[in-house]
There are 2 protein chains.
Amino acid sequence: MSTAGPRPRRATIRDVALEAGVSRGTVSRVLNGEPYVSAQAREAIERAVARVGYVPNSAARNLATRRSQAIGFIVHEPHELFLEDPNIGAILLGANRVLSGSDHQMVSLVIDSERDSRRVARYLSGGFVDGAVVVSARQDDTLLTTIARLSIPATLVGRPPATSRVPWVGIDNKGAARAITEHLVGTGRRRVGMIAAALDRDSGADRLAGFRDALGPAFDRRLVVENQLYEYTAGRTGMIELLEREPEVDGVFAASDAIAAGALDALRAAGRRVPEDVGVVGFDDSSWALRCQPLLTTVHQPARQLGEAAAASVLAQLRGTATDEPAGGLLETHVVVREST
Amino acid sequence: MSTAGPRPRRATIRDVALEAGVSRGTVSRVLNGEPYVSAQAREAIERAVARVGYVPNSAARNLATRRSQAIGFIVHEPHELFLEDPNIGAILLGANRVLSGSDHQMVSLVIDSERDSRRVARYLSGGFVDGAVVVSARQDDTLLTTIARLSIPATLVGRPPATSRVPWVGIDNKGAARAITEHLVGTGRRRVGMIAAALDRDSGADRLAGFRDALGPAFDRRLVVENQLYEYTAGRTGMIELLEREPEVDGVFAASDAIAAGALDALRAAGRRVPEDVGVVGFDDSSWALRCQPLLTTVHQPARQLGEAAAASVLAQLRGTATDEPAGGLLETHVVVREST
DNA sequence: GATCCTTCTGTGAACGGTCACAGAAACCCC
DNA sequence: GGGGTTTCTGTGACCGTTCACAGAAGGATC
C-alpha cells in the first residue's frame with residue numbers, strides 16, 4: 001500500500017444541510033439533540049446523514065466548543081508495571097467503563113521518566129484532555145503542581161499529600177493493613193515480618209504504618225524488608241532476605257499480592273510449608289491471589305470501583321456538579337481468608 | 001452537559017505574533033521548524049512564546065491539517081486479557097515507543113463486544129486517528145472490512161486472512177510450533193499432547209498445525225485439548241482434561257506461556273514431576289516463563305519488536321514511503337531451553 | 001386586529017491554527 | 001543599473017463545527 005494520497009473528502013455538515021434542504025444550524029441542533037426542531041426537519045436530516053455517510057469531525061467540534069471529550073488516565077509507574085500490575089489494570093477498566101459510557105475517550109499516559117513527565121505536562125496544557133484521573137502519584141509529584149496550575153479537573157486515586165486540594169478516592173490502607181496483620185497474628189504467629197514496598201507513596205507508607213500499629217510493642221524493624229515496587233521478584237528476593245535475617249519467621253505480610261506470590265515461591269524453594277510453617281498474607285485481592293498455591297489470604301480492594309469513582313468524580317467536576325467537598329471518598333475493603341493462613 | 005465554567009483563555013498564535021511584533025504566518029513557520037525565517041524573528045518569537053506561555057492548540061491544528069497525530073492501537077480481546085497477557089503488553093510498549101518517538105499519540109481501543117466494535121468503527125471514521133495498529137484480529141473480523149472501506153493506513157500484528165491486502169507483521173507460528181514440538185519429542189517423549197487455544201485466529205490455528213506437522217503419523221487428535229483463550233485457567237483445566245484422556249502423557253505443548261503455567265500447576269497438584277515425568281513447553285517467552293517453577297522451555301517471540309515494526313509500518317504508510325509490497329514481514333523466533341524439558 | 005408568547009429556522013462570526021500567494025528586501029552577476 | 005535569484009514576511013481564505021442573534025410563522029389572549 002503506497003501513497004497516502006489525498007484522503008477522499010468526507011461529508012460535512014454543509015453537505016447534510018444541502019441534502020436535507022435545511023441550514024447548518026438546524027443540522028447542528030439535530031446532531032446535538034437540542035429541542036426546537038420540527039419533526040419533519042429532524043427526519044429529513046437523519047435520512048440525509050445516512051445517505052451522505054456523514055460523521056462529525058471531532059477536531060472542528062473540539063475547536064468550536066473548546067473541549068476535547070477526552071480524559072487522561074495518568075499512571076506514574078514504570079511501563080512494565082503498568083501492564084503487569086492487575087490492580088492498575090482494574091482501575092483502568094473501571095475508569096474506562098464510566099468514561100466511555102458518557103461518551104468520553106480515555107487516553108492512557110504513562111510517566112516513567114523526567115522526560116515523560118514533561119511530555120505529559122505539555123499534553124495536559126495542550127487541551128488534549130478535559131480532565132484527568134491520576135494513579136499512584138508520588139507524594140512530591142510535580143504533576144500535581146502542573147494540574148493545580150492549569151486548573152484542570154482531576155481526581156487522584158490514592159490519598160494526596162496533605163497540602164493538596166485535589167479531590168481523590170482511595171481506601172483506608174492503614175486500617176486494612178492493621179486488620180489483615182491482626183488476622184495473621186490471630187492464627188498464632190509469633191515472629192511476623194513484612195515485605196514492604198513503595199514507601200514513597202501513601203499506599204506503601206500506610207500499609208507499613210498499619211502493620212506496625214497491629215503489632216504494637218512486638219514490632220521489630222529488622223523484620224521489615226523494603227522494596228521499590230509492588231512486584232513479584234521483589235517478593236522473591238524479599239522473602240529470601242527475611243529468612244536470612246530471621247530463620248524463625250512464621251508469618252509474612254506482603255504489601256501486595258504479586259509480592260506475596262514471589263514470597264510463596266521463595267518459601268517453597270526454601271522447603272517451608274504454607275500455611276503450616278509460615279502464614280502468608282497479601283494485599284489487593286488481584287488475579288495473583290487466585291493464581292497462588294496455596295490460594296492467598298489477602299485484603300480485598302475494590303480496584304474497579306476506585307476507577308469508576310475517580311472517573312465519575314472528574315466528570316462531575318466537568319459538569320460543575322461536584323459536591324464542594326475537596327476531601328476524598330474512602331471505599332470499603334475487607335479481609336478474604338483463603339488457604340495461606 | 002451543563003456549564004463547564006469558562007476556562008481561562010489561553011494564549012494563541014496571535015498573541016505571540018503581537019508580542020513578538022511579527023505576523024501569524026511567521027510564528028507558524030517558527031513553530032513548525034520551517035526554513036526561511038530570519039534568526040532575529042525566530043529569536044523574538046521564541047522569547048514571546050515563553051513570555052505569554054503559549055501552547056499550540058491541537059484541535060485547531062488538526063482541523064487545518066486534517067490530521068490528528070494519533071494512531072489507534074486496537075486490540076480484539078476481552079478487557080481482562082488485554083491487561084493480563086504480557087504478550088499484548090509488550091507489543092503495546094513497542095508500538096508506543098515508536099509512535100511517541102515520532103510525535104504521535106497512541107490511543108488504545110479494546111474491542112470486547114459487538115457494541116465496542118461499532119464504537120471503534122465510528123471512532124475510526126471520525127478522524128480521531130490517522131492510522132491503526134490492529135492486534136489479534138479474528139479471521140472474519142468486520143473491523144478489517146471497515147478499515148479497508150475507509151482506506152485508513154493500518155497494519156496488522158499477525159497474519160491476516162488470505163483475501164485481505166492489509167500490510168502485516170508477524171512470526172512463523174507454524175514453523176516455531178514445529179520446532180519446539182520437535183525439541184520436546186527429542187527429549188524422548190512418547191505420548192505428547194497439546195493444550196491449544198484461539199483456533200479462530202491465525203496464531204492459534206498455525207500453532208496447532210505446526211504441532212501436527214512435527215508429530216506426523218504419531219499425531220493423535222484425542223491428545224489435543226481446545227480452549228478459547230490463551231490464559232492461565234485454560235492451562236489448568238486443559239491439563240486436568242488431558243491427564244484424564246491419557247494418563248500416560250509425558251509431553252505437553254501449551255499454546256502460550258500462561259497456559260503452560262496453568263498446566264504446570266495442575267501437574268504439580270496431580271503429583272507429576274516436571275521435567276522428569278512430563279516435559280512441558282510453552283510459547284511466547286513472556287514474563288510467565290520466568291515465573292514458572294521449573295523455568296519454562298518456550299519459543300521466544302519478539303513481541304516488542306512486533307509492536308515497533310507494526311507502528312513503523314503505519315507511519316511509513318502515512319508518509320507514503322511504504323514499500324509497495326502488501327505482504328507482511330516475518331520476524332525471527334527461536335526455542336529457549338530452560339528447565340521444564 | 002394588535003400584542004405577546006412559543007416554536008422553529010437561517011446567518012454571520014467565531015474557534016486557532018495552516019497554507020498558498022503575493023510582494024518586499026537583499027544579494028549576485030553581468 | 002537592470003534583471004534574476006534567493007530569502008524573508010504579511011495577508012486572506014479556509015478547515016468544519018458551534019453559538020448568539022435576528023427574525024419568521026403560528027397560536028393564544030385581550
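Chain A is the first sequence line, chain B the second, and so forth, proteins listed ahead of strands; every chain is numbered from 1.
With A:V27 as the partner, the side chain to side chain contact (heavy atoms under 4.5 Å, CB included) test is satisfied by one option alone out of A:N32, A:L18, A:V16: A:V16.
When the side chain to side chain contact (heavy atoms under 4.5 Å, CB included) test is applied to B:S23, the partners found at least two apart in sequence or on another chain are B:T26. Listed by chain and residue number, B:E308 satisfy the side chain to side chain contact (heavy atoms under 4.5 Å, CB included) test with B:R97 (two or more places apart in sequence, or in another chain). In terms of the side chain to side chain contact (heavy atoms under 4.5 Å, CB included) criterion, residue partners of A:P78 (sequence neighbours excluded) are, by chain and number, A:E80, A:L81, A:D112, A:L229. Remark: B:T146 engages no residue in a side-chain hydrogen bond (donor to acceptor under 3.5 Å, both in side chains) (not counting sequence neighbours). Residues that satisfy the side chain to side chain contact (heavy atoms under 4.5 Å, CB included) test with B:A310, not counting sequence neighbours, are B:V133, B:T155, B:V157, B:V169. Residues satisfying the salt bridge (Lys or Arg N to Asp or Glu O under 4.0 Å) criterion with A:R201, sequence neighbours excluded, are A:E77.
One axis for each end of the helix from C:dG1-D:dC30 to C:dC30-D:dG1, each built from five base pairs, and the angle between them comes to 40° at 10° resolution.
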Base-contact (B) and sugar-phosphate-only (S) positions in nucleotides 13-28 of chain D, heavy-atom cut-off under 4.0 Å, - elsewhere: B-BBBB----------
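Between the side chains of B:S68 and B:D130, at least one donor N or O lies within less than 3.5 Å of an accepting N or O.
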Would you mind writing out the side-chain donor-acceptor pairs for residues 42-60 of chain A within the sub-3.5 Å range, not counting sequence neighbours?
unit_1: A:R42; atom_1: NH2; unit_2: A:E34; atom_2: O; d: 3.1
unit_1: A:E43; atom_1: OE2; unit_2: A:R47; atom_2: NH1; d: 3.4
unit_1: A:R51; atom_1: NE; unit_2: A:E19; atom_2: OE2; d: 2.6
unit_1: A:R51; atom_1: NH2; unit_2: A:E19; atom_2: OE2; d: 3.0
unit_1: A:N57; atom_1: OD1; unit_2: A:A59; atom_2: N; d: 2.8
unit_1: A:N57; atom_1: OD1; unit_2: A:A60; atom_2: N; d: 2.9

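Rounded to a whole Å, the CG atom of B:D15 is 9 Å from the P atom of C:dG16.
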Any N/O pairs under 3.5 Å between the protein and nucleotides 5-7 of chain C? List them or say none.
unit_1: C:dT7; atom_1: OP2; unit_2: A:Y36; atom_2: OH; d: 2.9

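Side-chain N/O atoms of A:T26 include one lying less than 4.0 angstrom from OP1 or OP2 on C:dG10.
In terms of modelled atom types and a separation under 3.5 Å, the side chain of B:T65 and the main chain of B:R61 share a donor-acceptor contact.
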